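Computed from a predicted structure; not experimentally measured. By convention in this document, chain letters (A, B, ...) are assigned in the order of the sequence lines, proteins followed by strands, and residues within each chain are numbered from 1.
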Protein chains: 2
Amino acid sequence: MYSVRMSTPDRLIEATRALLWERGYVGTSPKAIQQAAGAGQGSMYHHFAGKPDLALAAIRRTAEELRAAAEAALGGEGTADARIEAYLRRERDVLRGCPVGRLTMDPDVMASDELRAPVDETLDWLRGRLAGIVQEGLERGELTGPLDPEALAATVVATVQGGYVLARSSGSAAAFDTAVDGLLMLLAAHKGRVE
Amino acid sequence: MYSVRMSTPDRLIEATRALLWERGYVGTSPKAIQQAAGAGQGSMYHHFAGKPDLALAAIRRTAEELRAAAEAALGGEGTADARIEAYLRRERDVLRGCPVGRLTMDPDVMASDELRAPVDETLDWLRGRLAGIVQEGLERGELTGPLDPEALAATVVATVQGGYVLARSSGSAAAFDTAVDGLLMLLAAHKGRVE
DNA sequence: GTCTATAAGTGGATAGAC
DNA sequence: GTCTATCCACTTATAGAC
């Protein structure tokens, strides 16, 4: 039950975000959303056309938040390798998984172009942002080749997404950290000299 | 509808495997299983106690198959790095995702110790198997340090699991391959000399 | 072993009163 | 804007006949 100080649409969106994160789209019912939001049936259908419409609003908000959190780590002032490490080590609710990435395993989300778009765009933006940082690092001598920026960026994002899988499977956040440690260990061989 | 030459329990298990892979546990109903298996309601409940029981049989079979497929690539004769590369590049139904890993995003699977066990055990076995190969590679000089076998193994598994996420998100298997390319590129710096 | 009947509850929504 | 009533299909079974 979200704060009464939030508007009903906001409470509905926040409840949907939490449920999508925890149970996915298929596992989330309008009824569950209404109960979590403290809103009635009629109220929900007054503000949103239905479950897909509400899910879209929730997914967009979650995607935007993820982007902001990633940018906070990636947009810093340090060297390329330091910013990538900051991103990899940023605080996460590891056992809950990635609120955006988990949607890729949801058949109904993937079947809808509208619902799928924010997911695709977010992960794509992240890869591009990381690739740019790697490229920059190579140009500045903070990273030394041979290193393909696009490939490294994809590996970084994949390690994070897969780290969530390992953590949830084992029931321990440590598995995520171990995967990140392994990636940073491999990356260490490509650190350039500080000038 | 599976081959009539399969026993009814087998057809039910195979149908469940396919549906779990595609739609997850939450998204799979007994009715859908029965239709895919060409079996009636009564038939299904005669052979299995219910949905969780049938899912357990399906998950166990899928886990065993995954293990066999991984071992086929990892148990070969080549150098450590060649076997890891063989594992990473083995043929996969990339856009369908990992039939075991996707279950970690299923709330009902994670909530059940019985259903979760085969998932955890499979990914854990895989990590251990890879770590052993890395260790062996270091001892034989096929790989050169500094390289923590456990961490590298976790990164390899995470890259694969995350590669599926990237591929499904973008709708293209190429995203998986790019993530794998990035990992192999990083690993290349640790290849020892062939004696 | 397989089939049909039955059932209480949920899923996802529409209609109309307040 | 929010509430209650109503709807039909689906979910996840159980019971008992064949």
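- If you check C:dA13, D:dT2, D:dT12 against the side chain of A:T8, the one that comes closest is D:dT2.
- Taking atom CG on A:L12 and atom C1' on D:dT2, their separation rounds to 12 Å, with Å as the unit.
- Within a 6.0 Å radius of CD in A:E71, more than 12 heavy atoms belonging to other residues, nucleotides or ligands are found.
- Using a cut-off of 4.0 Å between Lys/Arg side-chain N and Asp/Glu carboxylate O, A:D10 and A:R5 are scored as not salt-bridged.
- Counting any heavy atom pair closer than 4.0 Å across all strands shown, A:G42 reaches a base atom.
- Rounded to a whole Å, the NZ atom of B:K31 is 16 Å from the P atom of C:dG11.
- Both A:A49 and B:P9 lie near DNA chain C, and the one whose nearest nucleotide falls closer to the 5' end is B:P9.
- Across the protein-nucleic acid pair, B:M44 atom CE and D:dT11 atom P stand 12 Å apart, rounded to whole Å.
- With a 6.0 Å cutoff to the six-membered ring centre and a 45° limit on the axis angle, B:K51 counts as a cation-pi contact of B:Y25.
- Distances shorter than 4.0 Å separate some side-chain N or O of B:S29 from OP1 or OP2 on D:dT11.
- Closest to the B:Q41 side chain, of the nucleotides C:dA5, D:dT11, C:dG1, is C:dA5.
- In the set D:dC3, C:dA13, D:dC10, C:dA13 carries the atom at the smallest distance from any side-chain atom of A:Y45.
- Here the nucleotide nearest the side chain of A:P52, chosen from C:dA13, D:dA13, D:dG1, is C:dA13.
- A cation-pi contact, defined as under 6.0 Å to the ring centre and within 45° of the axis, links B:R96 to B:W21.
- The nucleotide whose nearest atom lies closest to any side-chain atom of A:H46 is, among D:dA13, D:dT2, C:dG1, D:dT2.
- Counting to the nearest Å, the C1' atom of D:dC10 and the CD1 atom of B:I33 are 14 Å from each other.
- For B:S43, taking side-chain heavy atoms from C-beta onward, the closest of the listed nucleotides C:dA13, C:dT2, C:dG12 is C:dT2.
- Taking atom CZ of A:F48 as the reference point, atom P of C:dA13 lies 13 Å away to the nearest angstrom.
- Across the protein-nucleic acid pair, B:Q34 atom CD and D:dT11 atom P stand 10 Å apart, rounded to whole Å.
- Among the atoms of the strands shown, none is found under 4.0 Å from any heavy atom of B:S7.
- Following rounding to the nearest Å, B:R11 (CZ) and C:dT2 (C1') show an atom-to-atom distance of 11 Å.
- Distance, B:D53 CG to D:dT14 P: 12 Å, rounded to whole Å.
- A salt bridge links B:E136 with B:R83: at least one charged nitrogen is closer than 4.0 Å to a carboxylate oxygen.
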